[in-house]
Trainee: 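One structure, as structure tokens, below. Some questions next.
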Protein chains: 2
Amino acid sequence: MTDSGSFSQFGICDGARAGRPWHAEARLAFQRTTSLHKIERAAGALLGMEADAAKAVYFVLSGWLASSKSLRNGQRQIVDIQLPGEFIDTRLSDMQASATQIETLTPVTLAVVPRGNWMRLLQEYPEILARHERDVAAVLSRMSERMLRLGKSSAQARIAYTLIELGLRSSAFGPGESQEFHIPMTQQSLGDFTGLSSVHVCRTLGQLERMGVVSTNGHMDILIHDIEQLAAIAEIDVALLRGELNSAA
Amino acid sequence: MTDSGSFSQFGICDGARAGRPWHAEARLAFQRTTSLHKIERAAGALLGMEADAAKAVYFVLSGWLASSKSLRNGQRQIVDIQLPGEFIDTRLSDMQASATQIETLTPVTLAVVPRGNWMRLLQEYPEILARHERDVAAVLSRMSERMLRLGKSSAQARIAYTLIELGLRSSAFGPGESQEFHIPMTQQSLGDFTGLSSVHVCRTLGQLERMGVVSTNGHMDILIHDIEQLAAIAEIDVALLRGELNSAA
DNA sequence: CGCGCGGTTGATTTAGATCAAGGACGGTGG
DNA sequence: CCACCGTCCTTGATCTAAATCAACCGCGCG
């Protein structure tokens, strides 16, 4: 484990740091054990609604996806966002107290592991098991952080935290002062993610902009000017963040 | 899988339904593979602060625990509650953007699996692997439901959902009309769980009581009079709930 | 007995939702 | 090329659910 002590929950993986992305290796492993079924989807598509192999585990090869739950009145909460190199388990989409839905935020390619092969894969390939364990720990960890902000923080903290989480996870952060990246989401969906109305997302981004910590360019192009202050607003321990930035660099 | 189609995320396990609790079997499996280290703690204790084997996986044999995260200013969010038969992975307690803490809500007994043995256990015992996979799916699923309510629902819905979740998970619900059980939490911690202030928890419980759906007796003894209406308030699909109650009975 | 924790209740404040009206695009069809 | 439309963003005005502040009660306990 080369990443011990760093923010492993943000999903930055060893392989990617070493220059060889984990999902390239994973693909090989999948190919050895199952017929690797690869599917592609355009942006804005819904996943798992296909009648057929709905009970599959997906592995994201490229693109962003969002899993959300919604209430009868249409209110929606995005529960997690999946980036390349992460697993999506559609078991979570059924048997629940409310409707779950997985949608693509960009065009995506996914590897599909039929449900029947999944347990076999875990049992036979320790590296996949270990990777999956780590992935699950990362998901739980970042969901916990988000719950904390959802329950106890201001709109500014929620937005700031989300910017940092997505920035770190998309590996956009270099060692430099300012960090720039694109979030393929509307302010509406950012609101569904942070538990805010789209109107308030807009206002809050405006505040952060006026404070000089970020600037936004048209449709969700984010430029972070002062990551330390942003982390402070996000109520992230700045020392931890600094350590993470160093180890990620 | 005898529970397919039912609310598996509430953690009701097949073994328990069959009369032989899963954690009794699990203990045997643990004993076969590792020296089963059992620890006990009083109510209100903190876990994992012991310097020694902090990097362990715990398995709850009896008692309730709460995992929480907190902000620098003392604001706290309970992220999940663990009941007997569930795993606690202390990996989640380190390397994070904010402090995590696991506390006992009642006296507990835990089985401790040292971190080193954990992966071996998963690889060698398919039934533990399968169980752990299901447990993880259940945790993610109920955390998602809670996030939905945290982000998008009223105080009444959050409280109602929590009562139903805890009631179902503690297996207190029989087939009858009214259901009675005890929640070993103060209104303060219920607030930390639902993202509400303790004052508002009190008022909201009062509202539910005046509406005749529940009554509370002194310190968190809950009696549910009208579970259908409570589920409606919790914005749970009543058909799903009904199915669950039937299959659990 | 008195202290402290947890629950209750009331008064006041506030963060964010909601409602509403424009404005800026980017795509589409004439 | 331009007219039109829909989607998304922006900004202002108003409303409201829940937080906060504050006082008090009841009770278990040293």
Side-chain angles (χ1 to χ4, degrees), chain A residues 42-44 66 71 73-78 103 105-106 148-162 182-211 214-222 233 235, chain B residues 42-44 66 71 73-78 103 105-106 148-162 182-211 214-222 233 235:
Chain A
L71 261 15
N73 62 351
Q75 290 281 62
R76 189 170 81 118
Q77 175 70 39
I78 294 180
E103 99 195 63
L105 296 173
T106 66
L148 171 60
R149 289 173 179 78
L150 219 39
K152 302 290 171 186
S153 284
S154 66
Q156 279 196 8
R158 297 188 208 179
I159 295 291
Y161 177 81
T162 302
H182 176 72
I183 298 181
M185 297 169 79
T186 63
Q187 293 185 354
Q188 174 62 247
S189 46
L190 196 53
D192 291 342
F193 191 42
T194 51
L196 299 168
S197 69
S198 62
V199 178
H200 207 61
V201 168
C202 177
R203 284 193 235 270
T204 307
L205 280 173
Q207 287 167 24
L208 294 177
E209 207 155 350
R210 252 169 282 123
M211 293 165 71
V214 299
S215 37
T216 64
N217 198 31
H219 286 249
M220 295 284 94
D221 283 309
I222 306 291
I233 293 167
E235 310 193 73
Chain B
L71 263 15
N73 62 350
Q75 290 280 60
R76 191 171 79 117
Q77 175 70 40
I78 293 181
E103 98 196 65
L105 297 172
T106 66
L148 172 60
R149 285 164 184 85
L150 218 41
K152 302 290 172 185
S153 283
S154 66
Q156 279 196 9
R158 297 187 208 179
I159 294 291
Y161 178 81
T162 302
H182 175 72
I183 297 181
M185 298 169 79
T186 63
Q187 292 185 353
Q188 174 62 247
S189 46
L190 196 52
D192 290 342
F193 191 42
T194 51
L196 300 168
S197 69
S198 64
V199 180
H200 207 61
V201 168
C202 176
R203 284 194 235 270
T204 307
L205 280 172
Q207 288 166 22
L208 294 177
E209 205 156 351
R210 253 169 281 124
M211 293 164 71
V214 299
S215 35
T216 65
N217 200 30
H219 287 250
M220 295 285 92
D221 283 309
I222 306 292
I233 294 167
E235 310 193 72

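Source: prediction; values computed, not measured.
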Trainee: Kindly say if B:Gln156 contacts the phosphate of D:dA18, meaning a side-chain N or O under 4.0 Å from OP1 or OP2.
Mentor: no
Trainee: For the side chain of B:Ser189 and the backbone of B:Met185, is there at least one donor-acceptor N/O pair under 3.5 Å apart?
Mentor: no
Trainee: Measure from CG on B:Asp192 to C1' on C:dG6 and round the result to the nearest Å.
Mentor: 14 Å
Trainee: Which is true for B:Ser198 with a 4.0 Å heavy-atom rule: it touches a base, it touches only sugar-phosphate, or it touches nothing?
Mentor: nothing
Trainee: Across the strands shown, which category fits B:Ser197 at heavy-atom distances under 4.0 angstrom: base, sugar-phosphate, nothing?
Mentor: base
Trainee: For residues 200-211 of chain B, which residues have at least one heavy atom under 4.0 Å from DNA chain C?
Mentor: B:Cys202, B:Arg203
Trainee: Over the length of the helix from C:dC1-D:dG30 to C:dG30-D:dC1, how much do the five-pair end axes diverge, rounded to 10 degrees?
Mentor: 40°
Trainee: Can you tell me the distance, in whole Å, between the CD1 atom of A:Ile159 and the P atom of D:dC9?
Mentor: 12 Å
Trainee: What is the per-nucleotide protein-contact pattern of nucleotides 24-30 of chain D, from the 5' end, where B denotes a base atom under 4.0 Å from a protein heavy atom, S denotes such proximity for sugar-phosphate atoms only, and - denotes neither?
Mentor: -------
Trainee: Is A:Gly195 touching bases, backbone alone, or none of the nucleic acid, heavy atoms closer than 4.0 Å?
Mentor: sugar-phosphate
Trainee: So, is A:Gln187 near the phosphate of D:dT10, with a side-chain N or O under 4.0 Å from OP1 or OP2?
Mentor: yes
Trainee: Output all residues satisfying side chain to side chain donor-acceptor pair (under 3.5 Å) with A:Glu209, sequence neighbours left out; order by chain, then residue number.
Mentor: A:Thr216
Trainee: When the distance from CD of B:Gln75 to P of C:dA15 is rounded to whole Å, what number comes out?
Mentor: 14 Å
Trainee: Does B:Gln188 or A:Arg158 map to a spot on DNA chain C nearer the 5' end, using the closest nucleotide for each?
Mentor: B:Gln188
Trainee: Please output the side-chain donor-acceptor pairs of residues 192-199 of chain A that fall under 3.5 Å, not counting sequence neighbours, one pair per line with the distance.
Mentor:
| residue | atom | partner | partner atom | Å |
| --- | --- | --- | --- | --- |
| A:Asp192 | OD2 | A:Arg76 | NE | 2.9 |
| A:Asp192 | OD2 | A:Arg76 | NH2 | 3.0 |
| A:Thr194 | OG1 | A:Leu190 | O | 2.8 |
| A:Ser197 | OG | A:His200 | N | 3.2 |

Trainee: With sequence neighbours excluded, what pairs up with B:Glu235 under the side chain to side chain donor-acceptor pair (under 3.5 Å) test?
Mentor: B:Ser153
